[in-house]
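What follows is a set of notes on a single structure, which appears directly below.
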Amino acid sequence: MVNESEFRTHSQRYYEILEKRKTLPVWQQKEEFLRVLSANQTVILVGETGSGKTTQIPQFVLEAFGDNNKGITKKKMIACTQPRRVAAISVSKRVAEEMDVKIGEEVGYTIRFEDCSSSKTVLKYLTDGMLLREAMADPLLERYRVIILDEAHERTLATDVLFGFLKEVLKNRADLKLVVMSATLEAEKFQSYFSGSPLINVPGRLHPVEILYLEKPQKDYLESAIQTVLQIHICEPPGDVLVFLTGEEEIEDACSRIRREIQNLGSQVGPVNVLPLYSTLPPAMQQKIFDPPDEAGGRKIVVSTNIAETSLTIDGIVYVIDPGFVKQKVYNPRVRLESLLVSPISKASANQRAGRAGRTRPGKCFRLYTNKSFDELLQPQTYPEILRSNLSNTVLTLKKLGVDDLVHFDFMDPPAPETLMRALEMLNYLGALDDDGNLTKLGEIMSEFPLDPQMSKMLVVSPEFGCSNEIVSICAMLSVPNCFVRPRGAREAADEAKARFAHIDGDHLTLLNVYHAYKNNDEDSSWCYQNFVNHRLMKAADSIRQQLVRTMARVQLRLCSNDFSSRDYYINIRKAMLAGNFMQVAHLERSGHYLTVKDNQMVQLHPSTGLDHKPTWVIYNEYVLTTSKFIRTITGIRGEWLVDLAAHYYDLDNFPECEARQALQKLYKKQRQ
DNA sequence: TATTCATAG
């Protein structure tokens, strides 16, 4: 048979790139890899940074296992997952260039909001979350011939679910192959999980990084980090510096202190360019880390969160300062509390950070802890996300994927039983699962939405309250980070601007006001700027809203609004929200504190709330621990609605003794009259 | 009475 591609003339550039590709370490193992993959259903490939695995392996797979049929049946594709959208896009573009094809044709990508693939596509990069979505509609993933899970060591929630799910699919599809690719990983753990699948090691290509430890433990990592920056700037040869800190405020503080201290040193030292880096920083500011050195030729000092550990790679970094801490999410299923805790990093994370110093030439990593603490105190790997999260949405996804027995589902790291129980309990109360734990019709519809179950529930019931237009806007606004900007130096003005949007009954309605105002002002970016509203996030909320509206049409949910001048306009919106959030209610005690219902946690209204009074009953979107236990994004509701709309949850036979219970008793009595 | 690590759908 004639291979069509042999008759195509490639551009000169194609051959130039090909020669470069052949020098990548992973090419040394091309034959071995393909031989092993032919003989096995699953292969594990460990490749360090710089091995070329993300761009080359999918092309090798395509060459050997690509579908050459002439279109009688639809071609089966090769999929390669990435934890992040930007990576899926940039890698697929690179590969399209290497293959001399137009992006979206033979090589494409699919992420939320953007499907850049076509009937011609044979190699597709997509986010791990997107593959999971596809699986919900195509449970055997029949459109794929080979699935490559890349960056598996990151252990994202979606990748972990795909592990267990794909193991099942492989049993039912002898023709499907799986390649698991990872950087440093617990090779044995992966191998034993995938029942002894063969493992191939690919060397990376990094410059050596000298690791320096402290002699004695330091007391104040921030102080120590700043001093180390100054030392490097004074004593070390040119080369940019990357400092890992834990959060926005800490980073901004550190940046001003570093600038000040270096200014104090005067002309005895060279100029510096100190740059903060964190996810909520506007993209234009983030881009500055990639700017070439300015005319003064100052040393670049980037002070970053963990975003620079995996998501953003800055070339030219020669010195890394690693204080050894990270801010991480932790979930306590007992009281359903999410918190952000500053905790020690893992050894894997420390090594990843160090590697950031050796991308362009040999570098140095200053670890602000002792060699002994590294050896003895740091755990080998970061706790996977699945062990640190509320799993109600994940459980709904698994049920939709057809996993009936969650307790025996083959998780690589099984979550705490209580976390699963909490998730099942919530889904049962929401009506997404019946008492036997089976997906209901309602649950089926809820699972179609890219939202947490409480939100999909309120969206699904909203037409019954005549306000689905408003609820879908609120869901969209809740799906993006806080849209209110509060710049240093203009805090009062920002707070005043925000107060103008405030709705007396609560923050959800304030978000609705902002959304409406944004639309009424033609989505204008200067309007946003003047009103201290983040335009980028408003655009994001708007595209999420469009996506939700498309899904609503698909599952035949009506879009409707009540008469705005009606007294009940906001009441119906609040009731619809309660129908999804009746498990997130707090009651104002006589002491003046709020207590969460059933869990009896004493909480404060988050300072960001626009409420100027304390309603007796409130629903909240999140319960978080930062400097104190807070409930965030709060709207007042009426107690009567609890007994009317959520009697199955507010069942007094099953309710701890407390002030809320007494209040509910009165409400039930009144209801019967 | 005092405020958000990262990421995905």
Side-chain angles (χ1 to χ4, degrees), chain A residues 81-88 110-114 126-137 151 154-162 244-252 277-281 304-312 325-330 338-343 345 349 382 384-386 388-389 393-394 396-397 400 447-453 455-456 475-476 479-486 488 491 494-495 498 534 537 540 543-544 547-548 550-551 592-594 603-609 611-612 614 622 624-633:
Chain A
T81 67
Q82 295 294 317
R84 284 166 290 277
R85 292 180 203 152
V86 276
T110 306
I111 58 169
R112 186 183 188 178
F113 308 124
E114 201 183 354
L126 72 177
T127 50
D128 50 6
M130 201 62 224
L131 185 62
L132 210 49
R133 270 281 142 192
E134 289 186 356
M136 289 168 73
E151 312 291 357
E154 289 194 25
R155 302 291 306 275
T156 64
L157 200 42
T159 291
D160 266 22
V161 172
L162 284 168
F244 285 101
L245 290 178
T246 64
E248 174 178 341
E249 193 162 289
E250 192 178 78
I251 286 168
E252 293 290 356
L277 182 64
Y278 42 87
S279 72
T280 51
L281 199 67
S304 171
T305 59
N306 237 21
I307 193 170
E309 193 181 300
T310 46
S311 308
L312 287 174
F325 291 97
V326 67
K327 200 182 278 188
Q328 265 192 330
K329 188 177 65 184
V330 183
E338 259 184 15
S339 36
L340 283 173
L341 277 186
V342 173
S343 38
I345 59 170
S349 186
T382 306
E385 202 185 356
I386 200 164
R388 298 185 283 114
S389 309
N393 202 21
T394 304
L396 185 62
T397 303
K400 172 69 182 169
S447 74
E448 294 291 319
F449 290 95
L451 295 170
D452 281 338
M455 271 195 267
S456 12
C475 286
S479 297
V480 297
N482 179 15
C483 68
F484 294 108
V485 185
R486 203 162 175 260
R488 290 169 165 240
R491 297 208 156 155
D495 291 344
K498 184 177 171 186
N534 184 325
L537 293 179
S543 60
I544 291 173
Q547 187 192 28
L548 295 175
R550 285 195 297 273
T551 309
H593 292 105
Y594 280 95
V603 294
Q604 288 174 276
L605 305 187
H606 195 272
S608 63
T609 186
L611 278 176
D612 62 353
K614 288 183 160 183
E622 286 175 297
V624 293
L625 173 73
T626 48
T627 50
S628 175
K629 289 176 175 176
F630 292 111
I631 50 176
R632 188 159 56 198
T633 316

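Here is how names work: the chains are called A, B, and so on, in the same order as the sequence lines, proteins then strands, and each is numbered from 1. What you see below is based on every heavy atom in this structure, not just the backbone, and it leaves out hydrogens, waters and symmetry mates. This is a predicted model, so every value here is computed, not measured.
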Value in whole Å for how far the [atom2] atom of [N] lies from [atom1] of [X]:
X: A:N306; N: B:dT7; atom1: CG; atom2: P; result: 10 Å
X: A:Y278; N: B:dC5; atom1: OH; atom2: C1'; result: 13 Å
X: A:M455; N: B:dG9; atom1: CE; atom2: C1'; result: 11 Å
X: A:E248; N: B:dT4; atom1: CD; atom2: P; result: 10 Å
X: A:I307; N: B:dC5; atom1: CD1; atom2: P; result: 12 Å
X: A:E250; N: B:dT3; atom1: CD; atom2: P; result: 15 Å
X: A:L625; N: B:dA2; atom1: CG; atom2: P; result: 14 Å
X: A:Q547; N: B:dA8; atom1: CD; atom2: C1'; result: 11 Å

- Query: After noting the C-alpha distance and the side-chain angles of A:E154 and A:T159, does the key distance pass the side-chain hydrogen bond (donor to acceptor under 3.5 Å, both in side chains) rule?
  - Reply: CA-CA 8 Å; A:E154 289 194 25; A:T159 291; over 6 Å; no

- Among all residues two or more places apart in sequence or in another chain, which pass the side-chain hydrogen bond (donor to acceptor under 3.5 Å, both in side chains) test with A:T280? A:E248

Any base atoms under 4.0 Å from [X], or only sugar-phosphate, or nothing? Heavy atoms, all strands.
X: A:F449; answer: nothing
X: A:N482; answer: base
X: A:P83; answer: sugar-phosphate
X: A:T627; answer: sugar-phosphate
X: A:N393; answer: base

Side-chain N or O of [X] versus OP1/OP2 of [N]: is the shortest distance under 4.0 Å?
X: A:H606; N: B:dT4; result: yes
X: A:S279; N: B:dC5; result: no
X: A:T127; N: B:dG9; result: yes
X: A:R112; N: B:dT7; result: no
X: A:T305; N: B:dA6; result: yes
X: A:T626; N: B:dT4; result: yes

Are side-chain heavy atoms of [X] and [Y] found at a separation under 4.5 Å?
X: A:L548; Y: A:P450; result: yes
X: A:Q604; Y: A:T627; result: no
X: A:Y278; Y: A:E252; result: yes
X: A:L126; Y: A:T81; result: yes
X: A:T310; Y: A:R84; result: yes
X: A:L277; Y: A:I251; result: no

- Query: For A:F484, which residues count as a ring pair (Phe, Tyr, Trp, His ring centres under 6.0 Å) partner, sequence neighbours excluded?
  - Reply: none

- Task: Find which nucleotide of DNA chain B each of A:Q604 and A:V624 is nearest to by heavy atoms, and output the residue with the more 5' nucleotide.
- Result: A:Q604

- A:I111 or A:E385, whichever maps to the more 5' nucleotide of DNA chain B: A:E385

- Item | Shortest side-chain distance from A:R84, nucleotide among B:dT7, B:dT3, B:dC5 | B:dT7

- Of all the choices, B:dG9, B:dA6, B:dC5, which nucleotide is nearest to the side chain of A:K327 once you look at every atom? B:dC5

- Task: Determine which bases of DNA chain B form Watson-Crick or G-U wobble pairs with both distances under 3.5 Å, and write the result as a 5' to 3' dot-bracket string with | for other-strand partners.
- Result: .........

- Item | Base of B:dT3 paired with side chain of A:R486 (donor-acceptor, under 3.5 Å) | yes

